[in-house]
Engineer: 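What follows is a single structure, and I will ask about it in a moment.
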Amino acid sequence: MQRDFKFTVHDRLDGALARTGTIHTPHGDIQTPAFIPVGTQATLKALTPEQLSDTGAQAMLANAYHLYLRPGHQVVDAAGGLNKFMNWNKPTFTDSGGFQVMSLGAGFKKVIDMKGDAVEKPLTKKEKLAWIDNEGVRFKSHLDGTIHKFNAELSMQIQHGLGADIMFAFDELTTLYDDRAYQEESLRERTHPWALRSLAEHKRLTEARAGKPYQALFGVVQGANYEDLRRECCRFLAEQDFDGFGLGGAFTKENLGEIVGWMGEELPEDKPRHMLGISEPDDIFDCIENGADTFDCVSPARVGRNGALYTPEGRINIKGAKYRTDFSPIFEGCDCYTCQNYTRAYVHHLFHAKELLANTLATIHNERFIVRLVDDIRTSITAGTFHDLKAAWLARYYARDI
RNA sequence: GCAGGGUUAGUGAAGUGGUCAAACACGGUUGACUGUAAAUCAACUCUCUCCGAGUUCGUAGGUUCGAAUCCUACACCCUGCA
């Protein structure tokens, strides 16, 4: 069938893997590199889709597991797909539920963080909500405790029902605390076979649902921080008929760029690469420099809801007492709706009063901040000034720590 | 006026002889958050020369080896009866 999906590379950065491009989807184009905000449950928490669109976000990513449990992918399908269901007229992505294999299983809370020195805190049997085998995963619903079996085929059925423009293959996200033997086993016995099964089911559903807008499928690269495993995974996936790739897994901050670089070297140049779950500014620079095209992450929204707001000079905690009578915007020069209209003191007050508007204003600011950063990086690649921008930007952002 | 109940750290509120500087909640301060079980979580929140010490539980005395806890007086608040 005719694929209404296309990735075009425009500009490349000399001496690096960075590139700009356009991802064409049935619901519009995405200029890359791009940051894709996450609306897990078909909404970016605290924002209307229109408010999210106004931040400059070019697409949004939702989650198969969460929407399967509630309201049910059949409901979204009956509504006419994610776009119609949530009144969002730009491209959409859905995650496969692979992240939940980890987050509800071995990796809840501390175990998933990116600091190599984090203390392992194994879950008790009672706390654990997911059990993996090579067939798939059994989940205990975090909503009502019911047991659900999840696998590659079901993930694809859900994602086709949701109707996102870009879907991800069902994978296993390992943690930094799993040893080499487990990483190999996970990659070869689950992530690889699950990728093939996802692709097969995807093809079946694409034919069965002929007439619906084309949905692209990205294979997901795992392999933790092992170079040979990462390259092995890339070569394996590159041979398959995927439309693009998700770069997933547990990373440590120190060598994130290096790991992405291995994948950037192995993966075909003419297919887009999506960084799963990355959005800290330094990480974004490193990933783009090494060939990543798009990013999704909950962090700007979550940290914003918890009072951490981005500025070019680092994050500030707006709940802090020093902002009580600070009547300046979050930072001078920010073009977001929040900074155009409100002060630090007002946002500070909203947080202390536990007003819902605090979440909205903070989220708008943070999403705009990261979207704009990636937009600026895109411009710098075209202009050939990426390295200057990176050096100057990060020096200013982290100046307070030095 | 008589009878009964009450007065605990910023607030509310446990505690009725030692394990009490005193539960818990809120408030406050600081920090964390990277394919969302997150409008969440953690630490601290009497004072100090803070791995130890010093002052607290309406006020003042007293009993006791030891009191926020028992006794006496006083102050204030609440509820009945006058």
Side-chain angles (χ1 to χ4, degrees), chain A residues 35-47 60-67 69-70 93-105 107-110 112-115 118 121 123 127-130 139-145 155 159 164 166-173 176 218 220-222 245-253 256 274-284 286-287 292 294-310 315-317 319-324 350-363 366 370:
Chain A
F35 175 65
I36 316 298
V38 177
T40 300
Q41 307 200 73
T43 170
L44 200 157
K45 298 183 194 301
L47 261 55
M60 196 208 74
L61 181 144
N63 184 282
Y65 168 79
H66 286 272
L67 294 173
L69 284 183
R70 183 172 59 192
F93 294 52
T94 45
D95 186 29
S96 64
F99 178 80
Q100 280 67 34
V101 176
M102 181 278 295
S103 73
L104 300 180
F108 186 51
K109 298 256 177 181
K110 287 194 166 171
I112 66 175
D113 74 43
M114 291 174 67
K115 298 182 184 68
K121 192 175 149 194
L123 293 179
E127 288 173 317
K128 200 169 171 180
L129 296 179
F139 285 114
K140 191 169 180 181
S141 163
H142 65 284
L143 300 175
D144 61 9
S155 176
Q159 294 192 73
I166 294 173
M167 308 178 290
F168 290 96
F170 192 58
D171 66 328
E172 182 188 8
L173 198 187
L176 291 171
F218 284 22
V220 178
V221 182
Q222 292 292 339
F245 304 93
L247 315 189
F251 299 104
T252 47
K253 262 184 111 64
L256 173 60
H274 177 86
M275 280 310 302
L276 289 152
I278 295 293
S279 75
E280 282 304 302
D282 53 338
D283 299 332
I284 285 177
D286 288 344
C287 292
T294 52
F295 300 79
D296 77 85
C297 197
V298 303
S299 188
R302 182 190 290 165
V303 303
R305 261 179 280 123
N306 294 328
L309 302 178
Y310 289 106
R315 268 173 20 186
I316 64 170
N317 183 351
K319 291 186 282 192
K322 61 181 170 178
Y323 300 113
R324 198 165 64 83
L350 293 176
F351 268 104
H352 279 264
K354 295 183 165 45
E355 282 293 341
L356 299 177
L357 185 57
N359 296 332
T360 300
L361 295 183
T363 302
N366 277 2
I370 299 297

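Labels below follow one simple rule: chain letters A, B, ... track the order of the sequence lines, proteins then strands, and each chain is numbered from 1.
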Engineer: Whole Å only: how far is the CZ atom of A:Arg324 from the C1' atom of B:G28?
Structural biologist: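 One finds 12 Å between C1' of B:G28 and CZ of A:Arg324, rounded.
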Engineer: Describe the nucleic acid contact of A:Ala301 in one word from base, sugar-phosphate, nothing, applying a heavy-atom distance below 4.0 Å.
Structural biologist: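 Base contact.
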Engineer: How many whole angstroms separate atom CG of A:Asn306 from atom P of B:C41?
Structural biologist: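 Atom-to-atom, A:Asn306 to B:C41, this comes out as 10 Å.
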Engineer: Any strand counts, and the cut-off is 3.5 Å on both contacts for Watson-Crick or G-U wobble. Which nucleotide pairs with B:G17?
Structural biologist: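 For B:G17, the partner nucleotide comes out as none, under the 3.5 Å rule.
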Engineer: If we take the C1' atom in both B:G66 and B:G17, what is their distance in whole Å?
Structural biologist: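 Those two atoms are separated by 8 Å.
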Engineer: Which part of the nucleic acid does A:Glu355 contact within heavy-atom distance under 4.0 Å: base, sugar-phosphate only, or nothing?
Structural biologist: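 If one applies the 4.0 Å heavy-atom cut-off, A:Glu355 turns out to touch nothing in the nucleic acid.
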Engineer: Could you tell me how the ring of A:Phe93 sits relative to the ring of A:Phe218: parallel (under 30°), tilted (30 to 60°) or perpendicular (over 60°)?
Structural biologist: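 A:Phe93 vs A:Phe218 ring planes: perpendicular.
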Engineer: Under 4.0 Å, counting only non-hydrogen atoms across every strand here, what does A:Ala308 touch: a base, just sugar-phosphate, or nothing?
Structural biologist: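 The answer is base, as A:Ala308 lies within the cut-off (heavy atoms under 4.0 Å) of a base atom.
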Engineer: Pick base, sugar-phosphate or nothing for A:Lys354, based on heavy-atom distances below 4.0 Å to the nucleic acid.
Structural biologist: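 Since only primed, P, OP1 and OP2 atoms lie under 4.0 Å of A:Lys354, the category is sugar-phosphate.
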Engineer: Return whichever of A:Tyr65 or A:Lys322 has its heavy-atom-nearest nucleotide of RNA chain B closer to the 5' end.
Structural biologist: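 Looking at RNA chain B, the more 5' nearest nucleotide goes with A:Lys322.
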Engineer: Which nucleotide sits closest to the side chain of A:Lys319: B:U40, B:U34, B:A38?
Structural biologist: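 Of B:U40, B:U34, B:A38, B:U40 is nearest to the side chain of A:Lys319.
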Engineer: A:Gln100 has an atom CD; how far is it from atom C1' of B:A37, in whole Å?
Structural biologist: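 Result: 9 Å.
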Engineer: Does B:U34 have its OP1 or OP2 closer than 4.0 Å to a side-chain nitrogen or oxygen of A:Arg302?
Structural biologist: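 Yes, within the criterion.
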Engineer: Could you check whether any side-chain N or O of A:Ser155 sits under 3.5 Å from a backbone N or O of A:Ser96, counting only pairs where one atom can act as donor and the other as acceptor?
Structural biologist: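 Between the backbone of A:Ser96 and the side chain of A:Ser155 there is a qualifying donor-acceptor contact (under 3.5 Å).
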Engineer: Does a side-chain N or O of A:Ser103 approach OP1 or OP2 of B:A37 to a distance below 4.0 Å, or not?
Structural biologist: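 Result: yes.
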Engineer: Looking only at side-chain N and O atoms, does A:Asn63 come under 4.0 Å of OP1 or OP2 in B:U36?
Structural biologist: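 Answer is yes, contact under 4.0 Å.
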Engineer: Heavy atoms, side chains only, cut-off 4.5 Å: are A:Phe99 and A:Leu276 in contact?
Structural biologist: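 No, their side chains stay 4.5 Å or more apart.
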Engineer: Given B:A39, B:U36, B:A37, identify the nucleotide with an atom nearest to the side chain of A:Val298.
Structural biologist: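 Comparing B:A39, B:U36, B:A37 against the side chain of A:Val298, the answer is B:U36.
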Engineer: Across all strands, who's sitting opposite B:U7 as a Watson-Crick or G-U wobble pair, both distances under 3.5 Å?
Structural biologist: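 Partner of B:U7: B:A75.
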Engineer: Identify the nucleotide, in any strand shown, that forms a Watson-Crick or G-U wobble pair with B:G31, with both distances under 3.5 Å; if there is none, say none.
Structural biologist: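 Pairing partner: B:C41.
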Engineer: Tell me the interatomic distance from A:Gln159, atom CD, to B:G35, atom P, rounded to whole angstroms.
Structural biologist: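 Between P of B:G35 and CD of A:Gln159: 17 Å.
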Engineer: With the side chain of A:Leu356 defined as its heavy atoms from C-beta on, choose the nearest nucleotide among B:G35, B:A39, B:C33.
Structural biologist: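 Among the listed nucleotides, the one closest to the side chain of A:Leu356 is B:A39.
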Engineer: Does B:G12 pair with anything, Watson-Crick or G-U wobble, both distances under 3.5 Å, and if so, with which nucleotide?
Structural biologist: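 The answer is B:C24, by the H-bond criterion.
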Engineer: If you measure from the P atom in B:A42 to the same atom in B:A25, how many Å do you get, rounded?
Structural biologist: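 After rounding to an integer number of Å, I get 10 Å for this pair.
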Engineer: I want to confirm an ordering. Mapping A:Asp296 and A:Asn359 to their closest nucleotides on RNA chain B, which one lands closer to the 5' end?
Structural biologist: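 First, find each residue's nearest nucleotide; the 5'-ward one identifies A:Asp296.
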Engineer: Expressed in angstrom and rounded to an integer, what is the separation of A:Phe351 atom CZ from B:C33 atom P?
Structural biologist: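 Checked: the CZ to P distance equals 16 Å.
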Engineer: Within a strict 4.5 Å, meaning less than it, do heavy atoms of the A:Lys45 and A:Val298 side chains meet?
Structural biologist: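 Side chain of A:Lys45 against side chain of A:Val298, heavy atoms only: no contact under 4.5 Å found.
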Engineer: Provide, to the nearest angstrom, the distance between the NZ atom belonging to A:Lys253 and the P atom belonging to B:C33.
Structural biologist: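 Value for this atom pair: 9 Å.
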Engineer: Measuring only the P atom in each nucleotide, how far is B:G6 from B:C71? A whole number of Å is fine.
Structural biologist: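 It comes out at 12 Å once rounded to the nearest Å.
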Engineer: Is the shortest side-chain heavy-atom distance between A:Phe139 and A:Leu69 below 4.5 Å?
Structural biologist: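 They are not in contact (no side-chain heavy atoms under 4.5 Å apart), so the answer is no.
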Engineer: Looking across every strand, which nucleic acid part, if any, lies under 4.0 Å from A:Leu61 by heavy atom: base, sugar-phosphate, or nothing?
Structural biologist: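 Sugar-phosphate, backbone atoms only, no base.
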Engineer: From B:C33, B:U30, B:G35, pick the nucleotide closest to the side chain of A:Ala321?
Structural biologist: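 That would be B:U30.
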Engineer: Rounded to the nearest 0.5 Å, how far apart are CG of A:Asp95 and CG of A:Asp296?
Structural biologist: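 It comes to 7.0 Å.
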Engineer: Say we look at B:U34 and B:A39: how far apart would their P atoms be, to the nearest angstrom?
Structural biologist: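 Taking atom P in both B:U34 and B:A39, they lie 14 Å apart.
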Engineer: Rounded to the Å, how far apart are A:His352 NE2 and B:G10 C1'?
Structural biologist: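 So the two atoms are 16 Å apart, to the nearest Å.
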Engineer: Say you pick atom P in B:A23 and the same atom in B:C57; how far apart are they, in whole Å?
Structural biologist: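 To the nearest whole Å, 16 Å.
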Engineer: What is the base-pairing partner of B:G80, counting Watson-Crick and G-U wobble geometry with both distances under 3.5 Å?
Structural biologist: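 Partner of B:G80: B:C2.
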Engineer: At what distance, to the nearest 0.5 angstrom, does CZ of A:Arg305 lie from OG1 of A:Thr360?
Structural biologist: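 Here the rounded value is 10.5 Å.
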Engineer: Taking only the P atom of each, what is the distance from B:G62 to B:U79 in whole angstrom?
Structural biologist: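 The answer is 35 Å between these two P atoms.
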Engineer: Does B:U34 have OP1 or OP2 under 4.0 Å away from a side-chain N or O of A:Ser299?
Structural biologist: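 Checking B:U34 against A:Ser299, no side-chain N or O comes under 4.0 Å of OP1 or OP2.
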Engineer: Below the 4.0 Å mark, does B:C33 have OP1 or OP2 next to a side-chain nitrogen or oxygen of A:Arg305?
Structural biologist: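 Negative; the distance criterion is not met.
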Engineer: Ignoring hydrogens and geometry beyond distance, is the side chain of A:Asp171 in donor-acceptor contact with the base of B:G35 at under 3.5 Å?
Structural biologist: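 Counting by modelled atom types and ignoring angles, a donor-acceptor contact under 3.5 Å is found here.
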Engineer: Rounded to the Å, how far apart are A:Phe35 CZ and B:G35 P?
Structural biologist: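 In whole Å, B:G35 P lies 9 Å from A:Phe35 CZ.
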Engineer: If we take the P atom in both B:C26 and B:A60, what is their distance in whole Å?
Structural biologist: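 33 Å, rounded to whole Å.
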Engineer: Tell me the partner of B:U49, counting only Watson-Crick (N1-N3 plus N6-O4 or O6-N4) or G-U wobble (N1-O2 and O6-N3) with both under 3.5 Å; none if nothing fits.
Structural biologist: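 Matched B:U49 with nothing under the 3.5 Å cut-off.
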Engineer: Between B:U8 and B:U59, how many Å separate the two P atoms, rounded to a whole number?
Structural biologist: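 So the two P atoms sit 10 Å from each other.
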Engineer: Any chance you could lay out the side-chain contact (heavy atoms from CB on, under 4.5 Å) test for A:Thr294 and A:Ile166, step after step, and finish with the verdict?
Structural biologist: CA-CA 12 Å; A:Thr294 52; A:Ile166 294 173; over 6 Å; no
Engineer: With a 4.5 Å cut-off on side-chain heavy atoms, are A:Gln222 and A:Glu172 touching?
Structural biologist: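 No, their side chains stay 4.5 Å or more apart.
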Engineer: Under 4.0 Å, heavy atoms only, any strand: does A:Gly320 hit a base, just the sugar-phosphate, or nothing?
Structural biologist: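 Since only primed, P, OP1 and OP2 atoms lie under 4.0 Å of A:Gly320, the category is sugar-phosphate.
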Engineer: Base, sugar-phosphate or nothing for A:His66? Non-hydrogen atoms, less than 4.0 Å.
Structural biologist: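 Answer is sugar-phosphate: A:His66 comes under 4.0 Å of backbone atoms only.
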